[in-house]
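I have placed the structure first, in the form of structure tokens, so that the comments after it can refer back to it.
Protein chains get the first letters and strands the later ones, always in sequence-line order, with residue 1 at the start of each. Being a predicted model, the structure only gives us computed values, none of them experimental.
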Amino acid sequence: MKQYGLAARERIKSKRDFENIYQSGTTIQSSDKKIKAIYVVETDNLQPGVQVAVAISKRAGGAVWRNRFKRLIRESYRLNKTRLVDYCVEKKQTAKVIFSTGTLNQKNYGSLRLKTVMPGMIEVMEGIKRLI
RNA sequence: AGGUCAGUCCGGGCAAUUGCUUCCCACUUUUGUGAGAGGAGGAAAGUCCGAACUUUAUAGAACAGGGUGCCGGGUAACACCCGGGGAUAUUAGGAGAAAUUUUAAUAUCACUGCAAGUGCCACAGAAAAUAAACUUCCCGGUUUAUGACGGGUAAAGGUGAAAAGGCGGGGUAAGAGCCCACCGCUUUGAUGGUAACAUCAAAGGCAAGGUAAACCACACCCGAAGCAAGGUCAAAUAGGAAGAUUCUUUCCGGCAUUGCCGGAAAACAGGGUUGUUCGCUCUGAUAAUCUUCGGGUAGACCGCUAAAGCCCAAUAGUAAUAUUGGAUUAAGAUAAAUAAUUGCCGCUGCUUCGCUAACACUUCGCAGGACUGGUUAUUCUGUAUAACCGAUCCUAUGAAGCUCAACUUUCGUUGAACGAAGUAGGACAGAAUUCGGCUUACAGGGCUGCUCUAUUU
RNA sequence: CGGAACGUGGCGCAGUCCGGUAGCGUACCUGACUGGGGGUCAGGUGGUCGCGGGUUCAAAUCCCGCCGUUCCGA
């Protein structure tokens with residue numbers, strides 16, 4: 001497996017998973033409330049690891065803005081995922097996480113940069129790791 | 001040289017690292033790994049029209065409903081495009097006393113019909129639609145006179161968005177298309193034009209206010225739903241159909257005693273077919289177990305990208321466009337890929353520094369390469385090759401010329417231009433079955449045309 | 001991606017079909033009744049009818065184009 005990759009296997013795809021996470025998941029936010037995440041942990045799984053998805057509300061901005069934000073979140077997850085994944089494999093758990101916008105929207109930040117997204121992401125991922 | 005407007009094209013480039021995805025090849029038991037090739041737009045947007053495609057209906061008909069509306073052409077089709085005609089508005093000029101008319105330029109036009117029918121036209125005004133008569137005007141008899149009464153008329157006044165052809169003359173008691181000239185209108189005919197329509201002539205004698213983006217009439221077109229259409233394969237759970245076994249209530253008859261056998265009933269309602277009607281058509285009380293069968297959800301695959309395609313040339317046509325020939329293969333995701341970061345270059349704005357030498361600029365030259373078009377030659381023809389000419393781009397490079405404006409006696413100062421460094425900005429916007437249009441959003445830049453301004457000749 | 005509906009004072013709604021005066025409840029302001037508050041009564045303020053064009057003498061209403069909000073279909 002590539003160290004900084006994000007293959008289709010590591011993403012959440014089925015509708016049932018989404019419904020399950022939104023019903024029984026735990027929400028966590030970054031300190032500046034830009035990013036929020038909702039996750040669920042399953043212990044009895046054959047392949048331990050982390051599965052991820054990004055969900056952005058239509059209210060947040062136009063299609064171009066939402067596309068860019070999603071790509072930036074995925075980029076920052078890819079570059080920082082190693083510690084979280086190793087931790088889950090150690091404990092033989094599967095974590096399913098959906099990242100989403102907090103207060104961030106197109107009116108606040110018209111043009112996004114990776115610098116504005118990365119610190120919040122790292123903070124949220126550390127928080128998840130602590131809580132598992 | 002700069003600006004407005006119109007049309008058209010582009011809408012950053014290159015490299016490195018890290019990733020996603022489709023196709024294909026190799027390795028691999030699968031999962032995967034590696035190499036190669038490809039990977040958002042002019043509007044992909046709004047979803048406003050038109051089609052292709054798919055399902056449904058295939059037993060249809062009528063009505064209802066929706067759309068379009070000068071003429072001709074184009075197209076698969078259109079509410080789109082091209083050409084023409086007409087009307088309206090604005091500006092400028094001409095004619096006329098005026099109403100009005102005419103010429104030119106520009107812009108706009110859902111531009112059939114209100115001399116088929118029905119409806120509506122607030123307020124004001126006498127009257128808002130088979131006209132009518134408030135004030136005035138005129139006549140009559142009556143009265144001292146005014147007035148009132150009976151009649152004529154619609155020219156003048158006033159109201160309104162709009163008042164029943166306009167204007168001038170004749171005519172008259174006063175008036176009136178009552179009569180006449182000009183203009184408008186209607187009808188008929190002739191000429192030109194495929195046609196819309198235009199021009200001319202004759203007649204009518206005003207009959208015909210506006211509104212159809214009011215109902216409606218006329219002509220033409222449209223069945224409905226939409227890729228979440230639809231098709232194929234197909235877990236788990238629940239339910240359906242057929243067969244076998246067991247099984248409900250009421251009534252009648254028989255055996256006969258609370259059971260068995262036979263027959264009838266529980267029943268008129270609910271659907272389907274296009275929204276409605278006609279017409280057509282389907283279903284039938286009901287529980288449990290077993291077996292078989294079909295439908296079908298999650299999921300997977302197909303639909304899914306080669307098409308009314310794009311580029312170039314020739315021919316036909318005023319043009320839209322068509323035909324022929326050549327060249328080319330160009331995203332296909334599905335909780336949804338097409339990206340992120342860094343560096344260099346290029347563009348625009350701001351700040352600082354520099355100054356006659358360089359850079360840049362202008363003029364005259366010149367070498368090589370790329371790409372494209374034309375001409376000629378070789379060749380039976382095409383392809384191909386070679387030579388020459390033209391446009392564009394890239395790389396390298398020789399000679400000559402030179403900073404500009406304002407203020408100031410000068411020194412110089414300020415600004416522009418140029419160069420260097422730093423810094424900021426870099427539009428609108430993201431395929432979702434596919435095309436043709438329309439509409440809307442858009443920093444900046446290139447080219448062409450028209451026109452305006454400034455400078456030089 | 002496809003298909004529908006709505007937009008009118010601060011708030012919730014009529015009026016749009018069939019064109020001419022924008023109205024109702026509540027809120028707000030003023031006054032009266034009360035010793036005061038609440039309540040009742042009387043009077044009043046407040047609306048580019050989402051935006052831009054067109055038709056018409058005249059548009060919230062009819063037609064066209066935009067903007068925003070909400071709902072439905074796996």
Side-chain angles (χ1 to χ4, degrees):
Chain A
M1 195 190 292
K2 295 180 187 173
Q3 190 182 0
Y4 297 114
L6 187 63
R9 212 153 35 86
E10 300 178 65
R11 299 197 292 249
I12 302 172
K13 295 231 164 194
S14 82
K15 192 184 173 185
R16 201 168 292 169
D17 280 342
F18 273 93
E19 283 174 356
N20 185 31
I21 291 166
Y22 276 121
Q23 274 183 7
S24 59
T26 312
T27 309
I28 184 170
Q29 282 192 335
S30 65
S31 58
D32 53 359
K33 299 197 175 179
K34 283 179 182 172
I35 314 269
K36 76 181 177 190
I38 179 164
Y39 69 94
V40 129
V41 181
E42 295 174 3
T43 47
D44 52 341
N45 207 297
L46 298 173
Q47 287 188 331
V50 182
Q51 286 189 310
V52 182
V54 184
I56 306 163
S57 165
K58 219 170 190 177
R59 307 274 181 110
V64 175
W65 191 89
R66 279 183 275 136
N67 248 334
R68 182 171 172 83
F69 186 75
K70 179 191 68 190
R71 283 163 180 158
L72 288 173
I73 283 192
R74 281 212 316 235
E75 186 75 10
S76 44
Y77 173 77
R78 261 182 46 234
L79 297 174
N80 300 292
K81 71 172 187 173
T82 328
R83 287 165 65 189
L84 187 61
V85 172
D86 290 348
Y87 186 77
C88 283
V89 170
E90 232 174 79
K91 297 192 79 176
K92 304 212 171 184
Q93 287 179 335
T94 304
K96 296 186 174 176
V97 188
I98 300 176
F99 293 101
S100 182
T101 45
T103 56
L104 211 62
N105 58 39
Q106 194 171 12
K107 285 178 184 173
N108 297 340
Y109 293 89
S111 60
L112 285 168
R113 289 301 186 83
L114 190 62
K115 291 173 195 166
T116 59
V117 176
M118 187 94 95
M121 279 295 294
I122 292 173
E123 191 188 336
V124 166
M125 287 165 68
E126 287 297 315
I128 292 171
K129 186 186 160 190
R130 263 204 312 281
L131 287 167
I132 289 173

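- Annotated as syn: B:rG42, whose O4'-C1'-N torsion sits within 90° of 0.
- Looking at A:V124 and A:Q29, their side chains never come closer than 4.5 Å, going by heavy atoms from C-beta outward.
- Annotated as syn: B:rU305, whose O4'-C1'-N torsion sits within 90° of 0.
- Listed candidates were B:rG19, B:rG430, B:rA340. Nearest to the side chain of A:R68 is B:rA340.
- Remark: RNA chain C forms stems of 3 or more consecutive Watson-Crick or G-U wobble pairs, all pair distances under 3.5 Å, at C:1-7 with C:67-73, C:10-13 with C:23-26, C:28-33 with C:39-44, C:50-54 with C:62-66.
- Nucleotide B:rA241 is shown with an anti base, its glycosidic torsion being more than 90° from 0.
- Rounded to whole Å, the C1' atom of B:rC180 lies 16 Å from the corresponding atom of B:rU172.
- Nearer the 5' end of RNA chain B, as judged by each residue's closest nucleotide, is the contact made by A:A55, out of A:A55 and A:A63.
- Spacing between atom CG of A:L72 and atom P of B:rG19 amounts to 17 Å, rounded to whole angstrom units.
- A distance of about 34 Å separates the P atoms of B:rA115 and B:rU194, rounded to the whole Å.
- Comparing the same atom, C1', in B:rA320 and in B:rG67 gives a spacing of 25 Å after rounding to whole Å.
- One C1' atom belongs to B:rA454, the other to B:rA405, and the distance between them is 16 Å to the nearest Å.
- Summarising the geometry, the separation between CG on A:N67 and P on B:rA333 is reported as 16 Å, rounded to the nearest angstrom.
- Annotation: B:rC216 and C:rG19 have their P atoms spaced 14 Å apart (nearest Å).
- Remark: the separation of the P atoms in B:rA399 and B:rC404 is 24 Å, to the nearest Å.
- Separation of the C1' atoms belonging to B:rA431 and B:rA337 is 11 Å when rounded to the nearest angstrom.
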- Item | Sugar-phosphate or base contact per nucleotide [nucleotides 41-47 of chain B; S, B, -; heavy atom under 4.0 Å] | -------
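- Here the nucleotide nearest the side chain of A:A53, chosen from B:rG430, B:rU338, B:rA335, is B:rA335.
- Only the C1' atoms considered, B:rG84 is 44 Å distant from B:rG430, to the nearest whole Å.
- Across all strands shown, B:rU413 pairs with B:rA406; the Watson-Crick or G-U wobble distances both stay below 3.5 Å.
- Pair check for B:rA399 finds B:rU363; Watson-Crick or G-U wobble, both atom distances under 3.5 Å.
- Within 90° of 0 lies the glycosidic angle of B:rA207, which makes this nucleotide syn.
- Pairing partner, B:rG205: none, since no Watson-Crick or wobble contact has both distances short of 3.5 Å.
- The side chain of A:K70 approaches B:rA337 more closely than any other nucleotide in the set B:rA337, B:rA340, B:rA335.
- Considering only the side chain of A:R78, B:rG19 comes nearest among B:rA337, B:rG19, B:rG430.
- Atom C1' of nucleotide B:rA339 and atom CZ of A:R71 are separated by 6 Å, given to the nearest angstrom.
- Glycosidic conformation of B:rG177: syn, with the torsion inside 90° of 0.
- The CZ-C1' distance, from A:R74 to B:rA335, rounds to 11 Å in whole Å.
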